[in-house]
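Just the heavy atoms: all of them, side chains too, but no hydrogens, waters or symmetry mates, feed the values below.
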Amino acid sequence: MAEILDALSVTESPLLEVACESLLRDYLDIVQQGEKLSKFQDHVGQLVSFFRSLDLLVLQNGRTWPLENLARPLVEHSLPAIKSMDSPSLIELLLVLVEIFGPAPLLLKNSEKNDDKSYVEPYLNLFNTDFVPWCLDGKYSTCSSKIDLLLALIQEECFFDQWCLIIKYTGAKQKRVVENKTSHTNDQFELLTLILQKVRERIASGKLKNLQRSGSLPEHWRHDLLDSVAVSVFCDLPATDSHVHFLCAALGGSSQDDQICFLSAEAVCKIRGSILKSLASVLIASTFEWTKSSHFLLLPVEHEHFKILGEQSLSANFEMAQFAFQVFERSLFALRIHDEESVFSHILAALFIIEWECSMALTLAEESDLKGHKEETNTEALRCNSSDDHLDEAVHLKAKLAEHIHVFRQSLIPSFWNDLHSGTLNRLVNILAQSVRYAVFDTIDLPIDRTAVLCSEWVVDMLRLICLDHIKLQSFYDILLSEGEYWPLWVKPLQNGHASVKIQHEPVTTDNPELKHQRFIAFVDKLVLNLSFGEVILAPASSFSRAWVAAEMICTWKWKGGSAFSSFLPSLLQYMKTEPCLDVSFVSLLLDTLLEGALMHESSDWALFNAWHLSYSEIEKIQDRYLRALVALLFTTYTKESILRESDAHVLFEHLLSNLFIGSTVNRKCLRTLPFVMSTIIKPLTEKMRSNEASSCSDLLGKSMLSWLDEATSCLSSSPREAAQQDIEDWMQVVLSCFLVKITGGSRKLVVQFEREISDAETSLLLTLFSRYQTFYASADPSLSSRETMLSKTVELLGVKLTAVMVGYCWTKLGENDWCFVFRILQKWIESSVLLVEEMTDSINDAVVNQTSTEDILEKLQLIACTMEDLTFTFAESALVTLCRLNCVDNLHETDNSQNLQLIRSGEYAESNDKMMENILRLFLASGVSEAIAGSCSAEASSIVASSRVDYLHFWELVASFIIDASPQIRRSALDSMKLWGLTKESVSGLYSILFSSQPISHLQFAAYSLLMSEPLCQLSLVKGSSLGETPLSSQESDMGQSIESIPDSEKALYLRDELSALIEMPTSDLAKTDLIARERVNVFVAWALVLSHLQLLPLSSTTREKVLQYVQDKISPDILDCIFQHIPLRTAAPSGKKKDVELVPEAKAAAKASNDTIVTCSLLPYVESLWPVGVLQMASLAGSLYGMMIRLLPSYVRTWFTSLRDRSLSYSIESFTRTWCSPPLLLDEFSQVKDSVYADETFTVSVNRSAYEIIATYKKEETGIDLVIRLPSSYPLRHVDVECMRSLGISEVKCRKWLLSLTSFVRNQNGAIAEAIRTWKSNFDKEFEGVEECPICYSILHTSNHSLPRLACKTCKHKFHGACLYKWFSTSNKSTCPLCQTPF
């Protein structure tokens, strides 16, 4: 059609006009009919296609007839109809016509002929009156198309005027109510958003063909009114999604490539400021004080704004923040332009802070929720309330906002942070560092340790996200750890990076958990644990720049959730191990800093510092924090781990020497600090001297020690009245710190070791010093030894320590006078400690006997415990160390020193030694009796006494080491002394109190266990009512009479000691619920170990043994084995027997080895000894050993439990474990016992077939005989033993069956060896042939359990019964009549 019409136009024929008029009528008819016309959209589509073909074929050749004859008349006549119908198809047609013919030529006649632009004014008028209102009003379905049309109508010549008209119209447009609210676009922001999005698309794609000069760039579309509307959005609340979309459309920047922004730089800056203020408004609504400080960092001059926002509702603040965040998130890259300004960095910081504040609020809500649950007593209310009910509105709003922020932050790739301006990044990390500090210092709603963990997690997350380079990272730490009002307190940094000691003039109690300093210390500790010591403290770029932080941490020593020795020093240690090239300057500066602080204060007496048991708990007793920190650092890195370089120790030593004298005057502070340092460094420093590696430092050390010995000796040259006591103390402390004693060993035996070899010169000077001290001590004025003079006690204590050093280092050089002095000193202080403990026991006994109330006795016990004299135990501890060394010397077999050894072993000294051993045992027993007496009142009273021992732990460990080796004679003598004392509790009760103490000390527990199992105490420790020299249970046994009253005492009555029965009779259901290493469980297992060990020691023929076995069988549930196997985790498997057993886990391996060893050795002692300190593996070993001893001594008891198991898989696993680890040694032992047993009767023989697990018993009597075979299962004793008759001679079938059942009963019911069961069965037959009548109740002559004869006869029918059978008959029948004749018994 287009080609035909174009051809007609060339011929100047009237046919063109006729054809165009015809087409125009048809087209107008289509437009007029509109949607009523069938296939209306298809017809309009054909129109569009027609005009596009005209554009391609005709118009591009300069033809004007399509515009004049078709397009313009069509628009002129159809525009009102198009506007009224608002049809998308017709709007598209109009848009195509505008694009093809141009807006002005299409809408105005002769506009293309006017070069003077006179058409502009009428065109603008037409645009403003006809098109702007129509395109910006109406249906939502056509809004997009009309805006496309509106943009197409913009002429380059009047671009700015047209754009201004559009902006003004949308600005003046108000919302109006329409019938269908969802089908109309009435919001000016939605319209502007749509317009700006379409403009953006056209600019980005280059489709603005009608705008080549004006309108082709984003800045052409910027307008003051648009800026004003965009800036005013933050005041138009409540904000809606349309506000967000509008601002994002105006700003752009949704991606790195989107750089099209329609707002001016000034407007963008204002929007950034509004976003920051809106985000910061959330912090105002927070209940945390630190957020107010962070808000001031973000908006330092917005005081009035702060007040206004603070008055707004909570929801309004969060609505503003949510709106601002959405704008920032979607226009991030546009807002980042000119990011060197501070606002952008502040916005980023605000996002971090908001999320941090939310995490803290949620944590606080959880803490409150948990507390509320704990306090809630109405369980129904608990069931109805969900966890969300405990969170208030603020937490919900915060959580929602913070979740969005978190997702946004995590989406930012590293390149985003790397591309930020350096100033922006610096400001960001500065604000974040300061905010973290505020949070740490000012948070009081959460516990200190919880705050520390939370804030450290913030830092770790922030650093992981931002990925700062090394310089910026260290700059961040410098700000984070910078000096402030509350931090640091003890060490402060100087400007050059070095540290100096900060003098604290006023006392500050840093142990107060509420101090802000404590909060920051806990935070730094967690930060080091979460990151690394090297990153946070060492600062590799400037290796010593933060050594002051390390010094501050160690000086603080303890904080909530950690301490220097539990967390910080291990972090330092780990770093030093992994980084062997640690810069020397850091370590040396740290040591120098702490030493400088230590030298500013005069330390306490080293004599009271237990350097022989150096540990963190002992170091903690040092009062001066700088000295404590220095010793702890040296102990950790030099003494304990030996990773500190010797050069550092040498430098420290030289530093000390350089400060020891000020001119010719002794620096007293340095002199008193010196022994503490020498105690920790002397051993490593002297190693080179021992290996003969000469060096300037080793020479200096040797000369120094000799000069110190000279000084100490010279101080003792004067008489006690003239001597300077302070000088004696100080110089002797220095000397003794160079001759250390090390005490090692486990719960069974402590060993005294001497740390180094000394030179002949040192030996000579030590002997001189010791001699001078003896003279000084002997001539001392009585005032020097009085208890009121603390100074004299210190000198005397140093003398006791000197005595130990002499015995340790120079015992071969001591003379008789020296040994006399040694033994006199030891006796004095050991007896003093015994006297002190016995006085305490007397006081406790009196307090309990004369108590008026529970509160009264507790108060008295507290007073007694607090008034114990500390120094007496300190003296006695040094004396015990000396005695321990003497015992080691006494055991030597040296020929070179035979004279000294003979002197030590001579009668007088041997008697002294035995007396001291008895005193030590009395001291031990008295302490236990004290706890037993207090325990008779209450558990709390017992705990008070037990706690008094914990305060002198090392002393009591030494006491325990002597107890184990005490001879039976010494034990008996000590017991007799305790018995004569007449206390309300006896010695065995005291031992049980120590063994099952509420404040357990492992050395004492093992010592108590050993005593209870040794002579003569083992006679007293099992059965109630036993006494020394009396056969156990003899008091419970009496001649059997014929009356029923004699039955309980003779046959059934047995009472274990209350301490044992209370534990082994504990309900297993309660015990099974306890933790695997709970104290209750440990005590029960130890009690079982005692009972089983006693059973093992008792003779097989012992009546006590039989009664204890019967007691266990009758009164104690075998379910204790359930608890035992809780410690032996066996992987269950199907009982197919085909698959190889699964490998045992470590606990099961330990139990398997223990059970096997116990069966072989018949001893539980090794596993009781190795129990402490209690751990999972130790308990597994003890459980295994108990199981091994049980199946050896109590096979029937164990079998009863095993056959009751209902879990088939578990029973298979236990049987497999037993068959593999326990049965082989047990069967071997059973066969050996049978083979070695001597049955003193030629009528009875026994043979063993080990390969077939068989025992053949042959009994021959006169003309009769029987051969019985006992077959033992491979999983013995879990499965029953089978007995079979192989041959019988001259015996009726009834009697043969009776004998067979009799042997089966004895073998299966025997709690003991098979050999013993066979022996009992044989005795039963012998009695039958002798004419002894069987018991009518059990049909056996010998009772199957206690092996007694039927002795209780009925006076009427004369039948005799076993006492146990008769008692059981009376108990079950509820009658006291004869089972046969029914006559009252």
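Formation of a donor-acceptor pair under 3.5 Å by the Ser435 side chain with backbone atoms of Ile431 is found in this model.
Residues passing the side chain to side chain contact (heavy atoms under 4.5 Å, CB included) test with Val677, sequence neighbours excluded: Leu630, Leu634, Leu652, Leu656, Thr673, Ile681. Residues forming a side chain to side chain donor-acceptor pair (under 3.5 Å) with Asn530 (at least two apart in sequence, or on another chain): Ser456. Partners of Glu602 according to the side chain to side chain contact (heavy atoms under 4.5 Å, CB included) rule, which considers only residues two or more places apart in sequence or in another chain, are Arg668, Lys669, Arg672. By the side chain to side chain donor-acceptor pair (under 3.5 Å) test, Thr874 pairs with no residue at all, sequence neighbours left out.
Between the side chains of Thr443 and Tyr438, no donor N or O sits under 3.5 Å from an acceptor N or O. Under 3.5 Å, the side chains of Glu485 and His517 contain no donor-acceptor pair of N or O atoms. Side-chain polar atoms of Gln474 and Asp478 form no donor-acceptor pair below 3.5 angstrom. Side-chain polar atoms of Thr291 and Ser294 form no donor-acceptor pair below 3.5 angstrom.
Residue-environment remark: CD (Gln623) stays at or below the threshold of 12 foreign heavy atoms within 6.0 Å.
Below 30°, between 30° and 60°, or above 60°: for His601 and Tyr626 the angle between ring planes is below 30°, a parallel geometry. Below 30°, between 30° and 60°, or above 60°: for Trp458 and Trp356 the angle between ring planes is below 30°, a parallel geometry.
Residue pairs meeting the salt bridge (Lys or Arg N to Asp or Glu O under 4.0 Å) criterion with at least one member in residues 347-358, sequence neighbours excluded: Glu355-Arg409, Glu357-Lys398. Pairs of residues two or more places apart, or lying in two chains, that qualify as salt bridge (Lys or Arg N to Asp or Glu O under 4.0 Å) and include a residue from residues 436-451 are Asp442-Lys516.
The distance from the CG atom of Leu283 to the CZ atom of Phe296 is 14.0 Å, given to the nearest 0.5 Å.
Taking the six-membered ring where the residue is Trp, the centroids of Tyr486 and Phe520 are separated by 6.0 Å or more. Here Phe565 and Phe635 keep their ring centres 6.0 angstrom or further from each other.
Here the closest heavy-atom approach between residue Lys292 and residue Ser286 is recorded as NZ-O, 2.9 Å.
Figure legend: cation-pi geometry between Arg625 and Trp557 absent, as NZ or CZ is not positioned both under 6.0 Å from the six-membered ring centre and within 45° of its axis.
Among Ser566, Ser567, Ser571, Ser563, the one residue that satisfies the side-chain hydrogen bond (donor to acceptor under 3.5 Å, both in side chains) test with Asp525 is Ser567.
Ion pairing between Lys558 and Glu620 holds under the 4.0 Å rule for side-chain N and carboxylate O. Under a 4.0 Å N-O distance rule, the pair Glu618/Lys621 qualifies as a salt bridge.
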